[in-house]
Protein chains: 2
Amino acid sequence: MATISDVAALAGVSTATVSRALNGKATVDRELVARVQQAADELGYRPNGPARNLRRQEAAVVALIISDVENPFFTAIARGVEDVAHEVGYSVVLCNSDENAEKESRYIDVAIQERVAGVILSPTGTTSSVDKLAARGTAFVAVDRPLPQQDSDVVLVDTRLAARQATDHLIAQGYDRVGCITGPAGVRTADDRLAGYRDALKSAKRPSSTKLVRRTEYKAAGAHKAAAELMSQPDPPDALLVANSAMAVGVLQALREQGVRPGRDVGIVAFDDAPWAEPVDPPLSVVAQPAYEIGTVAARLLLARIADSTRTATTTTLGARLIERGSSHRT
Amino acid sequence: MATISDVAALAGVSTATVSRALNGKATVDRELVARVQQAADELGYRPNGPARNLRRQEAAVVALIISDVENPFFTAIARGVEDVAHEVGYSVVLCNSDENAEKESRYIDVAIQERVAGVILSPTGTTSSVDKLAARGTAFVAVDRPLPQQDSDVVLVDTRLAARQATDHLIAQGYDRVGCITGPAGVRTADDRLAGYRDALKSAKRPSSTKLVRRTEYKAAGAHKAAAELMSQPDPPDALLVANSAMAVGVLQALREQGVRPGRDVGIVAFDDAPWAEPVDPPLSVVAQPAYEIGTVAARLLLARIADSTRTATTTTLGARLIERGSSHRT
DNA sequence: ATGAAAGCGCTAACAA
DNA sequence: TTGTTAGCGCTTTCAT
């Protein structure tokens with residue numbers, strides 16, 4: 001594979017000039033630039049990334065560590081990050097931590113090892129593996145969940161408020177016994193959504209009973225079981241706030257099995273506006289989180305921090321939007 | 001950040017010994033290994049990836065270039081690739097070509113530049129940017145779609161047969177005018193699915209009319225429009241074969257808008273077993289492609305080719321499975 | 001404006 | 001078994 005010396009030889013100049021010419025430094029004669037360019041083209045020259053990064057002591061790469069590639073919420077974030085990063089010539093490496101602290105830690109090690117310019121991640125619960133990033137001075141920003149006792153840039157959604165509004169909406173629609181299926185204790189978004197749900201019950205002066213609440217993994221299977229349990233209690237809920245779209249799949253499934261129709265029989269609002277939320281029957285009411293925007297904001301923060309590591313950390317909180325569809329109306 | 005020399009100094013040995021010890025070479029004294037290890041731990045030493053890659057002339061990284069991160073079919077492939085690659089210590093870099101030849105080409109450039117060990121990609125139609133990989137001798141394998149006139153490793157699904165079987169099934173269920181909504185002309189999977197659909201009509205001695213066929217992007221919006229058009233014709237289809245799950249979203253939406261119930265009024269079979277296919281009402285009949293397996297097979301082929309670039313190219317064709325649910329039954 | 005030369009951190013010949 | 005040393009390909013002083 002052609003190296004910079006090959007190009008230099010062919011163009012009849014030094015490697016330094018080739019480097020300067022190809023990197024657009026102003027101090028190179030126009031004619032030489034052309035000659036170098038032609039030689040490079042002729043040889044199909046591509047700079048050797050590792051060599052460049054070694055010399056520059058940094059790669060124009062950011063790592064994005066998300067907890068679930070199959071979750072549309074996170075893929076939308078990825079899109080946002082990608083779009084911003086590419087604008088300024090950065091590549092994005094997507095890593096899948098699978099909500100697993102060990103995998104997350106491993107990817108962080110890789111990121112450090114490859115000397116990426118920065119890391120964006122949705123931290124898996126209690127982990128402190130981000131300390132490694134902080135210790136090395138690698139720029140990073142957290143999305144979706146704050147880092148415990150870490151003063152870093154964070155991009156969040158006001159998910160507690162969103163949960164409250166969604167619950168308010170269900171109550172306003174005449175549902176009386178609103179239940180909640182949320183994620184595991186300790187996962188911040190799960191806790192917040194539950195808190196918002198309780199806020200709404202309290203302000204509507206409804207009693208809040210633990211019999212109407214279930215916590216499980218953020219997956220379809222757990223939610224399926226939880227919903228089945230809730231619905232076969234003596235006093236089943238007549239509405240459900242569901243904490244993400246994968247869970248909604250499980251809940252819908254459980255309701256179908258019990259012959260219960262969403263909306264008419266049991267009101268449903270789920271977090272995340274999945275593509276299938278609209279075409280299902282009845283259409284699913286959702287809390288749409290600004291996932292793409294989370295990604296763009298996080299990417300911009302990261303780039304700013306890469307450029308200036310002394311910036312003070314900021315927390316950005318974005319709002320979510322309730323989209324009312326058939327599943328939260330009695331008619 | 002600590003370098004190998006720092007570790008060497010602290011352990012009182014040469015850098016070569018540190019390198020050997022940390023890379024598990026057999027020829028190092030046990031006691032020294034321990035000393036080196038301890039020094040490395042103490043300093044929090046992480047080998048510099050670019051330096052290592054520069055020296056080794058190859059990174060233990062494979063690039064996976066897929067045409068849509070938001071499509072569950074491709075994310076499942078990604079999972080498969082990841083799992084196999086990680087087993088042998090390779091990292092996977094996920095890139096999103098967005099079904100866009102230019103983006104694909106750019107990612108291929110990056111892959112070459114970073115000197116990745118190999119590339120797995122779902123080629124966007126007619127592109128010849130993979131030639132660049134071939135020219136550089138970078139190992140690669142194609143998934144989902146074959147490369148035009150390129151003798152490389154390929155992992156495919158027998159999608160024509162699957163489309164035929166799905167159509168057979170619809171006909172067997174008593175649907176009389178089966179239509180088809182498939183992807184753009186020139187995209188191999190789209191063409192194959194259409195061909196399989198026609199195979200079935202022919203062998204059932206049904207006339208095949210272009211009035212029952214629509215081609216659009218592999219997206220919800222296009223399929224929505226196509227379905228709406230098809231259904232408002234004078235002689236609308238009473239069943240539809242839909243070429244992927246994003247399209248199915250659009251089709252279902254269109255049917256809802258026209259007050260047409262899947263199954264009872266219009267039989268539906270769609271490609272790809274999306275998570276929401278089961279909980280919708282009625283549950284969606286699908287052609288389940290072995291996406292995860294495509295990923296694992298492709299990864300193994302790639303690793304084999306990395307190890308031995310002279311291997312002759314192979315084509316692996318996997319089967320798909322028809323899952324019959326409510327949307328393809330009249331009752 | 002250009003070239004010579006040093007060196008980024010690591011691994012692998014080659015010596016000892 | 002260990003150390004010495006020479007690069008991998010690039011960018012960037014420092015001279016010129």
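These figures come from a predicted structure and were not determined experimentally. Every chain is numbered from 1, with letters handed out A, B, ... down the list of sequences.
Protein chain A contacts DNA chain D from D:dG9 to D:dT13, reading 5' to 3' and using non-hydrogen atoms of the protein with a distance under 4.0 Å. The span of DNA chain C lying next to chain B, judged by atoms under 4.0 Å from heavy atoms, is bounded 5' to 3' by C:dG9 to C:dA13.
A heavy atom lying under 4.0 Å from DNA chain C marks the following residues of residues 20-39 of chain B, by number: B:Arg20, B:Asn23.
Judged as a salt bridge (Lys or Arg N to Asp or Glu O under 4.0 Å), and not counting sequence neighbours, A:Asp151 has no contacts. Residues meeting the salt bridge (Lys or Arg N to Asp or Glu O under 4.0 Å) test with A:Asp144, sequence neighbours left out: none. Residues passing the salt bridge (Lys or Arg N to Asp or Glu O under 4.0 Å) test with A:Arg188 are A:Asp192, sequence neighbours excluded. Residues satisfying the side chain to side chain contact (heavy atoms under 4.5 Å, CB included) test with A:Ser67, not counting sequence neighbours, are A:Phe74, A:Ser97, A:Glu99, A:Ser122, A:Arg145. Every residue meeting the side-chain hydrogen bond (donor to acceptor under 3.5 Å, both in side chains) condition with A:Asp83, not counting sequence neighbours, appears here in chain and number order: A:Tyr292.
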For residues 50-60 of chain B, tabulate all N or O donor-acceptor pairs below 3.5 Å that involve a side-chain atom, not counting sequence neighbours.
residue: B:Arg52; atom: NH2; partner: B:Asn23; partner atom: OD1; Å: 3.4
residue: B:Asn53; atom: ND2; partner: A:Glu114; partner atom: OE1; Å: 3.4
residue: B:Asn53; atom: ND2; partner: B:Gly49; partner atom: O; Å: 3.3

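With values rounded to the nearest 0.5 angstrom, B:Arg46 atom CZ is found 9.5 Å from A:Arg115 atom CZ. Of the inter-residue distances, the one linking B:Leu318 atom CG with B:Glu293 atom CD reads 5.0 Å to the nearest 0.5 angstrom. Note: A:Thr75 OG1 to A:Ile66 CD1 = 7.0 Å, rounded to the nearest 0.5 Å.
If you find the closest nucleotide of DNA chain D to B:Val13 and to B:Gln57, the one lying nearer the 5' end belongs to B:Val13.
Annotation: the terminal axes of the helix from C:dA1-D:dT16 to C:dA16-D:dT1 meet at 40°, where each axis is the rotation carrying the C1' atoms of four end pairs onto the next four (5 pairs per end, rounded to 10°).
Looking at heavy-atom distances under 4.0 Å, B:Pro47 makes contact with sugar-phosphate atoms alone, never a base.
Under the salt bridge (Lys or Arg N to Asp or Glu O under 4.0 Å) criterion, no residue pair touches residues 6-26 of chain A, with sequence neighbours excluded. For residues 85-96 of chain A, the set of pairs meeting the side chain to side chain donor-acceptor pair (under 3.5 Å) definition, not counting sequence neighbours, comprises A:His86-B:Tyr107, A:Asn96-B:Arg79.
Residues B:Lys132 and B:Ser105 have side chains that bring a donor and an acceptor to within less than 3.5 angstrom of each other.
Ion pairing of A:Arg35 with A:Glu31 is present here, as a side-chain N (NZ or NE/NH1/NH2) and a carboxylate O approach within less than 4.0 Å.
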